[in-house]
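Just follow the structure's listing: the first ligand is 1, and inside any ligand the first atom is 1. What's counted below: heavy atoms across the whole structure, side chains too, no hydrogens, waters or symmetry copies. Quick caveat, the model's predicted, so the values are computed rather than measured.
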Amino acid sequence: MIRRLDHIAIAVVDLEAAIARFVDDFGIQLAGREDVPSASTSTAFLPIEGTQIELIYPIEGEGPVAKFLAKRGGGLHHLCFETDDIDGDMQRLIKKGYRFLTDAPVDGAHGTRVVFIHPKSAGGVLIELAEYSR
Ligand code: CO
């Protein structure tokens with residue numbers, strides 16, 4: 001079951017400049033950074049009141065975020081819901097006709113398992129589901 005909004009991800013062309021904007025201009029603290037090889041991204045996390053902003057930047061100019069930036073420039077990339085049963089939610093949504101970007105969840109940041117719903121299945125919004133290991 002989907003439980004909460006885990007994060008909102010923004011694709012950025014300059015990770016250091018984006019971190020500086022959120023920290024220095026908006027006053028949101030940087031909680032950490034992590035490379036996510038499964039998504040070819042370098043990620044920075046800035047928590048705010050029950051959720052967080054996630055800045056994503058392509059590692060070595062490759063992967064889906066690099067393609068997104070090349071096509072559209074920086075901007076809102078996806079939102080992520082935390083679920084307590086990613087496999088169950090995936091099966092339930094597939095039965096309703098949703099398409100996913102991968103056949104099964106993959107390793108995400110923070111020790112999560114994640115999967116993305118195709119934006120064409122969800123009104124043009126790329127939606128990630130994430131389950132934390134307990
Ligand atoms: Co995400």
Side-chain angles (χ1 to χ4, degrees):
M1 185 188 288
I2 287 170
R3 295 295 184 185
R4 53 183 282 278
L5 179 65
D6 186 79
H7 61 265
I8 294 171
I10 300 170
V12 300
V13 294
D14 182 336
L15 186 55
E16 303 310 321
I19 290 170
R21 180 198 312 285
F22 279 84
V23 172
D24 300 337
D25 300 345
F26 300 162
I28 302 173
Q29 287 198 345
L30 176 66
R33 304 173 66 148
E34 185 176 341
D35 286 347
V36 184
S38 69
S40 302
T41 56
S42 187
T43 304
F45 306 100
L46 301 108
I48 180 164
E49 194 62 39
T51 189
Q52 56 187 355
I53 303 297
E54 180 183 306
L55 304 175
I56 54 177
Y57 177 82
I59 295 173
E60 292 169 3
E62 290 176 6
V65 176
K67 283 184 196 143
F68 178 94
L69 290 173
K71 207 162 134 188
R72 302 164 58 166
L76 283 176
H77 187 265
H78 66 267
L79 58 83
C80 175
F81 293 122
E82 181 186 348
T83 169
D84 55 15
D85 180 9
I86 195 167
D87 299 297
D89 279 331
M90 197 176 171
Q91 291 315 310
R92 185 171 60 79
L93 292 170
I94 285 170
K95 280 185 194 142
K96 286 180 175 285
Y98 286 84
R99 290 192 292 127
F100 286 78
L101 298 190
T102 55
D103 293 333
V106 299
D107 291 335
H110 313 294
T112 53
R113 294 167 63 227
V114 304
V115 72
F116 287 86
I117 301 171
H118 197 292
K120 285 193 175 144
S121 295
V125 181
L126 179 58
I127 296 176
E128 177 182 21
L129 303 177
E131 181 181 336
Y132 287 81
S133 54
R134 307 269 165 208

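For the Co ion (ligand 1), the N/O/S atoms of C80 include none lying under 2.8 Å. The distance from the Co ion (ligand 1) to the nearest N/O/S atom of H78 is under 2.8 Å.
Inspection of the E54 and H77 side chains reveals no N or O donor paired with an N or O acceptor under 3.5 Å.
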**Message:** Run E82 and R3 through salt bridge (charged side-chain N to carboxylate O under 4.0 Å, His left out) and show every step you take.
**Reply:** CA-CA 6 Å; E82 181 186 348; R3 295 295 184 185; over 6 Å; no

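Among the heteroatoms counted here (N, O or S) of E128, OE1 is the one nearest to the Co ion (ligand 1).
Using a cut-off of 4.0 Å between Lys/Arg side-chain N and Asp/Glu carboxylate O, E16 and R33 are scored as salt-bridged.
Using a distance-only test at 3.5 Å, with no hydrogens or angles considered, a donor-acceptor pair links the side chain of E34 to the main chain of H110.
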